[in-house]
Amino acid sequence: MGSQNADPVLSAQQNDFRADRRGRFSTAANANTIQQGETQMPFTSHRAAVKRPMVFGLVLGSMAFCVPAWAEQELEPVSLSDIRDMRFCEFVLIFDDHVTIYNTSASNGCPEEKWQAMDTAAIASEHGAKAAELNGPKFWTMDAQTISLGATKTFGGIEARYGATLPLSALGGDTGSAPYTPYTSAKNQTMTFKAGSPVYELVDPDGNTYILNAYGSDVEGGDPANLVNQLSPAEGWTFQARTLAEDLSIEGSSDTPVDMVGDDMHQYYTRME
């Protein structure tokens, strides 16, 4: 692992199946690459059916908890650009008193054929865990972000980087965080949404606005704007899509937590101050 001050930059040039704003799929001309230092690594962005909705949502939108000794891992900031609609997946290793989560966003992607072939029992055995869960695929809605990630592990031929350790209680029940119930997150993440791009928002009864971080493969046509017809917001909540007039950045850290909320399709949103 690099030092805490390292800041590798990854550029995600989308070219396989990628949703346009009308919900269709388009193919670009150039090969997908992620750049990190002098290394170029191909990745794929194919869409397909979700393996299983994860019970506590995205690792990068996880709740704030006290961090015990087993959660200590060396992390480095990783910057990703041009990632709107980029596909990613997560692997969750479940131990006696905690879970560890690995994310493919800064790795070689999440090829559908390998994802569908995943054997969670084999993954758990290989990594010394009691069990393993799969979360995804998901698709980012921001244009760029900086996140803190750790060491790389391989799961069934897919590389993913360490993202978080949470207590076992975070796993919750089968439905995850209660929809439309805000909670606090101490994630280290900066998200950037560019002017002229769409954003997808939940507005609570008090007028607070939460921006969608990532969407699932069950979104109609691969277009989050269609959530207006798919969601069933709680009383007083509304969903809306709009185009930004100027760049928008949302930053959170352990020192400056952010408020988040989930919808009834297990997608997570960060409050815009």
Side-chain angles (χ1 to χ4, degrees), residues 19 21-23 47 49-65 84-85 88 90 92 99 101 133 135-142 145 164 166-187 189 191-193 197-246 248-253 256-273:
R21 299 276 60 84
R22 294 177 298 280
R47 299 173 185 276
V50 65
K51 266 285 191 182
R52 179 187 171 195
M54 198 58 226
V55 292
F56 49 79
L58 305 177
V59 55
L60 302 178
S62 54
M63 302 180 200
F65 295 95
R84 182 176 288 266
D85 296 322
F88 67 95
E90 292 179 333
V92 182
V99 298
I101 309 169
E133 294 277 1
N135 180 31
K138 303 282 188 180
F139 304 88
W140 292 119
T141 61
M142 72 284 292
Q145 67 172 308
L166 303 177
L168 189 62
S169 59
L171 209 55
D174 290 337
T175 57
S177 302
Y180 308 105
T181 302
Y183 61 90
T184 300
S185 168
K187 61 183 179 178
Q189 181 181 23
M191 298 179 288
T192 300
F193 303 82
S197 298
V199 290
Y200 312 97
E201 304 171 330
L202 284 177
V203 182
D204 71 15
D206 296 322
N208 299 307
T209 300
Y210 297 77
I211 306 292
L212 180 64
N213 297 179
Y215 60 96
S217 57
D218 50 357
V219 170
E220 292 178 358
D223 186 351
N226 289 326
L227 289 171
V228 69
N229 299 317
Q230 291 185 269
L231 296 179
S232 298
E235 183 175 357
W237 288 79
T238 58
F239 175 86
Q240 62 187 25
R242 66 185 176 95
T243 301
L244 291 175
E246 57 186 20
L248 169 66
S249 291
I250 301 177
E251 183 174 357
S253 70
T256 56
V258 294
D259 291 331
M260 298 191 68
V261 72
D263 63 24
D264 51 290
M265 291 176 63
H266 310 290
Q267 298 161 143
Y268 291 81
Y269 304 66
T270 302
R271 180 174 169 178
M272 183 178 66
E273 299 296 336

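Keep in mind it's a predicted model, so treat the numbers as computed, not measured. Here, residue 1 is the first one in the sequence, and each next residue gets the next number.
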Report task. Take Leu212 and Val199 through the side chain to side chain contact (heavy atoms under 4.5 Å, CB included) test and state the conclusion after the steps. Result -> CA-CA 7 Å; Leu212 180 64; Val199 290; over 6 Å; no
Query - Partners meeting ring-ring contact (aromatic ring centres under 6.0 Å, His included) with Tyr180 (sequence neighbours left out) - result: Trp237
Query raised in the report: What residues form a side chain to side chain contact (heavy atoms under 4.5 Å, CB included) with Glu251, not counting sequence neighbours?
Result: Thr190
Report task. Begin with the C-alpha distance, continue with both residues' side-chain angles, and end with the deciding distance and a verdict on side chain to side chain contact (heavy atoms under 4.5 Å, CB included) for Ile101 and Leu166. Result -> CA-CA 8 Å; Ile101 309 169; Leu166 303 177; 4.0 Å; yes
Query - Test item: Gln230 side-chain N/O and Glu220 main-chain N/O as donor-acceptor pair under 3.5 Å - result: yes
Requested in this report: Drop me the distance from Ile250's CD1 to Met191's CE, to the nearest 0.5 angstrom.
Outcome: 4.5 Å
Query raised in the report: Which atom names give the shortest non-hydrogen contact between Tyr200 and Ala225, and what distance separates them?
Result: CE2-N, 3.5 Å
Query - Contact summary for Leu231 and Phe239, nearest pair of heavy atoms - result: CD1-CD1, 3.8 Å
Query raised in the report: Without hydrogens or angle criteria, can the side chains of Asp263 and Tyr269 be said to hold a donor-acceptor pair below 3.5 Å?
Result: yes
Requested in this report: Can you measure from OG (Ser249) to CE (Met142) and round to the nearest 0.5 angstrom?
Outcome: 11.0 Å
Query raised in the report: Between atom OH of Tyr268 and atom NZ of Lys138, what is the distance when rounded to the nearest 0.5 Å?
Result: 7.5 Å
Report task. Output all residues satisfying side chain to side chain donor-acceptor pair (under 3.5 Å) with Thr256, sequence neighbours left out; order by chain, then residue number. Result -> Ser253
For residues 201-210, dump all side-chain donor-acceptor pairs below 3.5 Å to protein atoms at least two apart in sequence or in another chain.
residue : atom : partner : partner atom : Å
Glu201  : OE1  : Gln240  : NE2          : 2.5
Glu201  : OE1  : Arg242  : NE           : 3.1
Glu201  : OE2  : Arg242  : NE           : 2.6
Glu201  : OE2  : Arg242  : NH2          : 2.9
Asp204  : OD1  : Asp206  : N            : 2.9
Asp204  : OD1  : Gly207  : N            : 2.9
Asp204  : OD1  : Asn208  : N            : 2.8
Asp204  : OD2  : Asn208  : ND2          : 2.9
Asn208  : OD1  : Arg271  : NH2          : 2.9

Query - Expected output: side-chain Asp264 to main-chain Pro179 donor-acceptor under 3.5 Å - result: no
Query - With Thr141 via side chain to side chain donor-acceptor pair (under 3.5 Å) - residues at least two apart - result: none
Query raised in the report: Can you name the side chain to side chain contact (heavy atoms under 4.5 Å, CB included) partners of Ser197, sequence neighbours left out?
Result: Arg84, Asp143, Lys194
Query - Nearest-0.5 Å distance, OG1 of residue Thr270 to CG of residue Asn213 - result: 3.5 Å
Requested in this report: Drop me the distance from Asn229's CG to Leu227's CG, to the nearest 0.5 angstrom.
Outcome: 9.0 Å
